[in-house]
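Let me begin by presenting the structure, written as structure tokens, before commenting on it.
Read the numbers this way: they start at 1 and go in the same order the structure lists the ligands and their atoms. What's counted below: heavy atoms across the whole structure, side chains too, no hydrogens, waters or symmetry copies.
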Amino acid sequence: MEVILLLGAPGSGKGTIAQQLTQRNPSMRHVSTGDLLREAVALGTPAGREAEPIMKRGELVSDKLIGDMIRDFLKKGDPSASYLLDGFPRNKAQAERLDAILCECNVPLRAAVLLDVPEAILLDRITGRRVCPVCKTIFHIQTRPPKTDGICDVCCAKLIQRPDDQPETVRHRLAIYRDATADLIKIYSDRSLLLTLNGDGAPSEIAEAFLKLLA
Ligand code: AMP
């Protein structure tokens, strides 16, 4: 087992690139902390109940809650997998927590890959995003509209906008991201683990560039 960090702002395409990577490389698995938390909210677990109001406000859940979730996940993980960790760490304290978790689980950190995308593009991508609450397919009102307005092409459910994808909440999330990421960039570049990729382009090309960078 090894861990590769996916760093990048909300909307930088981490999920899309991870999907491309896992299709190309079967040992790679995508772990999104946002997805783990949304699943916990949907299931109504104690962690989910604690996280729900915080996520609705676009704020970060506590380092303890998310750290425990990642540790439990890795402890049950597949020893032959390369985990693409998306959404954690998000600040210096979480980076320190991750080091402790990886040490406890005896898992190496292979690289931290930063997907770099201009902020105007990020705002547009996120506020136009619509998701299917049933099958999780993601649409965009301009770049990937559903065939029928507001309805999922795959399962016909009514599409929703995630509460934390509203414009005001997104601006807040981007501001939190900016403040915290500067620290992470320094931490991983000081350890020669940081790889930077231009994230404004075709997902398949970005995924290829990603794999070349890691090779
Ligand atoms: P995401 O899908 O990565 O944009 O995450 C959605 C929400 O989940 C964030 O706005 C936070 O409220 C919460 N979240 C995800 N990852 C973390 C993390 N590492 N630390 C704290 N909160 C997180």
Please confirm whether Gly87 comes within less than 3.5 Å of ligand 1 when only nitrogen or oxygen atoms on both sides are compared.
-> yes
Under 3.5 Å between some N or O of ligand 1 and some N or O of Glu59?
-> yes
Under 4.0 Å to a heavy atom of [X] - the qualifying atoms of ligand 1, by number:
{"X": "Leu37", "value": "8 (O), 13 (C), 14 (N), 15 (C), 23 (C)"}
{"X": "Phe88", "value": "19 (N)"}
{"X": "Gln94", "value": "18 (C), 19 (N), 20 (N), 21 (C)"}

Just need the protein heavy atom nearest to atom 4 (O) of ligand 1, so name the residue and atom and give the distance.
-> Arg173 NH2, 2.8 Å
Taking the six-membered ring of Phe139, is NZ or CZ of Arg144 closer than 6.0 Å to its centre and within 45° of its axis?
-> yes
Side chain or backbone of Ile66 under 4.0 Å from ligand 1, or both, or neither, by non-hydrogen atoms?
-> side chain
Where does Asp164 meet ligand 1, judged by heavy-atom distances below 4.0 Å: at the side chain, the backbone, both, or neither?
-> side chain
When rounded to the nearest 0.5 angstrom, what is the spacing between CG in Leu84 and NE2 in His30?
-> 7.0 Å
Which value, rounded to the nearest 0.5 Å, describes the distance between Leu65 atom CG and Glu50 atom CD?
-> 4.5 Å
Does the side chain of Glu2 pick up a donor-acceptor pair with the side chain of Ser82 at under 3.5 Å?
-> yes
Can you tell me if Arg162 has a non-hydrogen atom under 4.0 Å from ligand 1?
-> yes
Quick one: does Lys14 get within less than 4.0 Å of ligand 1, heavy atoms only?
-> no
